[in-house]
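Since the structure comes first, as C-alpha cells, the remarks are kept for the end.
Just the heavy atoms: all of them, side chains too, but no hydrogens, waters or symmetry mates, feed the values below.
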Amino acid sequence: FAAYDLRPPPTGPLDPSHPEAFATVEALAAWLAESTRNDLEAPSRLLTPEAGEAIDLLAASRLALLSRMSGSGATAFALCAGPEDAQALAASIAAKRPAWWVSACRLGALPA
C-alpha cells in the first residue's frame, strides 16, 4: 500500500454507472475493460512481478475476454465466454505453471 501512496491519485469515477444487465459476457467484459480499474495493479506489478506475470499469462490467451488482478494482487483472474473456455484456459495455465493453484469457476448469482 505504501507503493500505491507514492503514485499520483487515480482519475475517473469511483462507481461508474452500468446497465441493469448485460446481454452477453462479452458485453460485460468490454464494459469492465473500459469503465473499471484496479488502482493497486501498478504498484503490485512493481513489487511482485509474479502478479503481473499471472495477469499477462491470462491475457495472452485467446480464451480470456478480460484478465485482471483481484484486490491487492493475491489472485489473478480471467473472464471467459463460457465454461468450456474457462476449463480450457485453466488447464492451459496449470500446464504452463504447475506450481500455481488454478481453478475454473462460474461467475454469477447462485440460484435462490
For this session: Keeping the roles fixed (side chain from Ser67, backbone from Ala78), state whether a donor-acceptor pair exists under 3.5 Å.
Result: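 Checked: no pair found.
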For this session: Verify, without hydrogens or angle tests, whether Thr36 (side chain) and Leu32 (backbone) share a donor-acceptor contact under 3.5 angstrom.
Result: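 Indeed, once roles are kept as given, a pair shorter than 3.5 Å links the two residues.
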For this session: Flag the pair Ile55 / Glu41 as yes when at least one side-chain heavy-atom distance between them is below 4.5 Å, and no otherwise.
Result: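 SC-SC contact between Ile55 and Glu41 confirmed.
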Exercise. What heavy-atom pair brings Ser103 and Ala90 nearest, and what distance separates the two atoms?
Worked result: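 Here Ser103 and Ala90 meet closest at C-CB, 4.3 Å.
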Problem set entry | Partner residues of Asn38 under the side chain to side chain donor-acceptor pair (under 3.5 Å) criterion, sequence neighbours left out |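 For Asn38, no residue satisfies side chain to side chain donor-acceptor pair (under 3.5 Å) once neighbours in sequence are set aside.
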For this session: Can you sort out the partners of Thr24 under side-chain contact (heavy atoms from CB on, under 4.5 Å), two or more places apart, ordered by chain and number?
Result: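 Checked Thr24 against side-chain contact (heavy atoms from CB on, under 4.5 Å); matches are Glu26, Ala27.
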For this session: With rounding to the nearest 0.5 Å, note down the distance linking OG1 in Thr75 to CH2 in Trp101.
Result: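 These two atoms lie 7.5 Å from each other.
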For this session: Rounded to the nearest 0.5 Å, what's the gap from CG on Leu40 to CE on Met69? Could you check?
Result: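 With rounding to 0.5 Å, CG (Leu40) is 5.5 Å from CE (Met69).
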Exercise. Do Leu89 and Asp85 pass the side-chain contact (heavy atoms from CB on, under 4.5 Å) test, and can you show the C-alpha distance, the side-chain angles, and the key distance before you say yes or no?
Worked result: CA-CA 6 Å; Leu89 179 56; Asp85 287 354; over 6 Å; no
Taking only distance into account, with no hydrogens and no angle test, what donor-acceptor pairs under 3.5 Å do side-chain atoms of residues 56-65 form with protein atoms, sequence neighbours excluded?
{"from": "Asp56", "atom 1": "OD1", "to": "Arg45", "atom 2": "NH1", "distance (Å)": "3.3"}
{"from": "Asp56", "atom 1": "OD1", "to": "Arg45", "atom 2": "NH2", "distance (Å)": "2.9"}
{"from": "Asp56", "atom 1": "OD2", "to": "Arg45", "atom 2": "NH1", "distance (Å)": "3.2"}
{"from": "Ser61", "atom 1": "OG", "to": "Leu63", "atom 2": "N", "distance (Å)": "3.0"}

Exercise. Hey, mind stepping through Arg97 and Glu53 against salt bridge (Lys or Arg N to Asp or Glu O under 4.0 Å) and telling me if it holds?
Worked result: CA-CA 11 Å; Arg97 300 294 187 274; Glu53 179 188 2; 2.6 Å; yes
